[in-house]
Amino acid sequence: MTPSPPRRLNDGIPPAQVAYWAGNSVPVLLAFYAGCISGQLPDLKRRMEAQEDLPELTDVD
């Protein structure tokens, strides 16, 4: 049995890939399944906080 689009989204598969497999565009996919996506907030917060630890970029001439 093939996993459903919400399951694939919840597993962290990029929306563009899930939309392709489902035969939809990303906006249609997210509009339809937005209420089904869950459990990604802690990971997203961790990734956003980790960006603060990145070193500053310097210009190289």
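What you see below is based on every heavy atom in this structure, not just the backbone, and it leaves out hydrogens, waters and symmetry mates. Counting from 1, the numbers follow the sequence of the chain as shown.
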Quick one: list whatever passes side chain to side chain contact (heavy atoms under 4.5 Å, CB included) with Pro5, sequence neighbours left out.
-> Val18, Ala22, Leu29, Tyr33

Pairs satisfying side chain to side chain donor-acceptor pair (under 3.5 Å), at least one member in residues 5-20, at least two apart = Arg7-Asp11

About how many Å separate CG of Asn24 and CZ of Phe32, when rounded to the nearest 0.5 Å?
-> 9.0 Å

